[in-house]
Amino acid sequence: MEALKQKILDEGRVLPGNVLKVDSFLNQQIDVKLMEAIGKEFALRFADDSIDKVLSIESSGIAPALMVAKELGVPMVFARKRKSLTISENVYSVDLFSYTTQKHTQVIVDQRFLTAGERILIIDDFLANGQAAEGLLKIISRAQAIPVGLGVLIEKSFQSGRQLLEKANVRTESLVRISSLVDGHVIFSDDGK
Ligand code: 5GP
């Protein structure tokens with residue numbers, strides 16, 4: 001997606017540890033027009049998939065997921081991150097390793113918001129090693145819902161997330177693929193869409 005690529009080139013900053021900082025349009029300040037366009041693009045790609053619900057994870061997945069859900073005319077649910085490890089009832093919960101904080105967190109979704117048989121589209125901001133997506137897939141599986149696919153805005157294709165999702169047989173759509181962040185330079189994959 002050209003507009004997203006250009007935004008990354010104009011405003012993205014490469015941090016140590018292969019992290020791309022995009023807080024001026026996605027992770028803190030949000031470019032609403034760009035999010036709208038992103039919502040339309042994913043809605044188009046998954047138009048024939050009878051999506052019942054969009055599932056994301058707080059906090060950075062929420063903005064794009066909301067726009068996708070709006071375009072598809074379905075609800076959006078986001079998994080909450082929780083520090084306390086106390087078990088509550090009536091939630092689906094998984095332990096998740098966060099790439100950016102390098103910490104484990106518990107992620108929960110109330111059982112009322114995912115129903116057996118629902119067709120779920122996962123939306124997140126980044127795909128790195130696939131831990132967030134894998135956690136959401138576990139939650140979907142516990143709910144006996146159906147994971148139709150994953151849409152990410154930015155895929156870091158030099159990390160292992162896509163392989164993990166291919167193994168799990170989950171269709172993965174990314175708007176931009178980055179093949180390297182070495183020396184502070186963003187290099188896009190030639191086959192990025
Ligand atoms: P994964 O779980 O695939 O290893 O990492 C994806 C999650 O970590 C996303 O939800 C995203 O919030 C965060 N993340 C991974 N890499 C980056 C990055 O380069 N920049 C930012 N801003 N977040 C990232």
Side-chain angles (χ1 to χ4, degrees), residues 1 4-31 34-35 38 42 54-69 76-83 92-109 120-141 147 149-189 192:
M1 186 189 199
L4 179 57
K5 242 185 203 178
Q6 198 53 52
K7 201 78 176 164
I8 292 169
L9 288 174
D10 292 344
E11 299 181 23
R13 281 190 297 133
V14 180
L15 302 185
N18 280 324
V19 170
L20 179 67
K21 198 164 165 99
V22 286
D23 57 351
S24 67
F25 62 93
L26 178 58
N27 289 158
Q28 185 166 12
Q29 176 170 255
I30 293 169
D31 183 330
L34 181 63
M35 289 310 124
I38 284 165
F42 278 127
V54 174
L55 176 65
S56 190
I57 182 164
E58 72 174 352
S59 54
S60 301
I62 295 176
L66 187 66
M67 295 301 188
V68 178
M76 189 278 278
V77 176
F78 65 91
R80 288 181 173 277
K81 290 178 184 161
R82 211 172 45 173
K83 289 203 181 85
Y92 300 113
S93 131
V94 289
D95 181 71
L96 208 147
F97 183 73
S98 161
Y99 181 80
T100 39
T101 61
Q102 296 283 306
K103 283 186 186 144
H104 285 268
T105 4
Q106 200 187 16
V107 167
I108 57 159
V109 175
I120 310 294
L121 171 60
I122 303 172
I123 296 287
D124 202 5
D125 57 347
F126 278 85
L127 175 64
N129 292 320
Q131 301 298 302
E134 194 181 36
L136 294 177
L137 284 169
K138 274 187 199 156
I139 287 176
I140 292 170
S141 156
L150 165 72
V152 291
L153 279 59
I154 304 170
E155 174 182 346
K156 296 192 291 183
S157 54
F158 55 90
Q159 293 181 273
S160 58
R162 181 171 284 268
Q163 286 91 299
L164 191 142
L165 290 157
E166 274 170 3
K167 256 192 205 155
N169 236 343
V170 176
R171 173 180 164 198
T172 303
E173 294 279 342
S174 49
L175 301 183
V176 156
R177 302 184 79 198
I178 291 174
S179 59
S180 165
L181 291 172
V182 172
D183 294 334
H185 298 297
V186 181
I187 311 289
F188 296 104
S189 306

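If you're wondering where the values come from, they're calculated on a predicted model, not measured in any experiment. Counting starts at 1 for both ligands and their atoms, in listed order.
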Using a 4.5 Å cut-off on heavy atoms from C-beta on, say whether the side chain of I122 contacts that of L137.
-> yes

Check whether any side-chain heavy atom of L121 sits under 4.5 Å from a side-chain heavy atom of L150, and report yes or no.
-> no

A student comparing V22, V152, T100 should find that the heavy atom closest to atom 13 (C) of ligand 1 comes from T100

Using heavy-atom distances, let me know which of Q159, E134, K156 sits nearest atom 16 (N) of ligand 1.
-> K156

Could you list the donor-acceptor pairs under 3.5 angstrom formed by side chains in residues 178-188, with sequence neighbours left out?
residue	atom	partner	partner atom	Å
S179	OG	I187	O	3.4
S180	OG	V182	N	3.1

Considering heavy atoms of the protein only, find what lies nearest to [atom] and give residue, atom and distance to 0.1 Å.
{"atom": "atom 8 (O) of ligand 1", "value": "Y99 CB, 3.9 Å"}
{"atom": "atom 22 (N) of ligand 1", "value": "N27 OD1, 2.8 Å"}
{"atom": "atom 21 (C) of ligand 1", "value": "F126 CE1, 3.3 Å"}

Point-to-point distance, once rounded to the nearest 0.5 Å, from [atom1] of [X] to [atom2] of [Y]:
{"X": "Y92", "Y": "K138", "atom1": "OH", "atom2": "NZ", "value": "16.0 Å"}
{"X": "S59", "Y": "R80", "atom1": "OG", "atom2": "CZ", "value": "11.5 Å"}
{"X": "I62", "Y": "L66", "atom1": "CD1", "atom2": "CG", "value": "9.0 Å"}
{"X": "L20", "Y": "T100", "atom1": "CG", "atom2": "OG1", "value": "12.0 Å"}
{"X": "S174", "Y": "E155", "atom1": "OG", "atom2": "CD", "value": "4.0 Å"}
{"X": "L34", "Y": "L153", "atom1": "CG", "atom2": "CG", "value": "7.5 Å"}

Answer yes or no for G130: is there a heavy-atom contact with ligand 1 below 4.0 Å?
-> yes

Examine N129 against ligand 1 and note whether any of their N/O atoms are separated by less than 3.5 Å.
-> yes

A128 N/O to ligand 1 N/O under 3.5 Å | yes

Just jot down the ligand 1 atoms closer than 4.0 angstrom to any heavy atom of [X], in number order.
{"X": "Q131", "value": "1 (P), 2 (O), 3 (O), 4 (O)"}
{"X": "L20", "value": "18 (C), 19 (O), 20 (N), 21 (C), 22 (N)"}
{"X": "A132", "value": "2 (O)"}
{"X": "V19", "value": "18 (C), 19 (O), 20 (N)"}
{"X": "D124", "value": "9 (C), 10 (O)"}
{"X": "N18", "value": "19 (O)"}

Honestly, for D125 the part within reach of ligand 1 (heavy atoms, under 4.0 Å) is side chain

Side chains of E11 and S24: is there a donor and an acceptor less than 3.5 Å apart?
-> yes

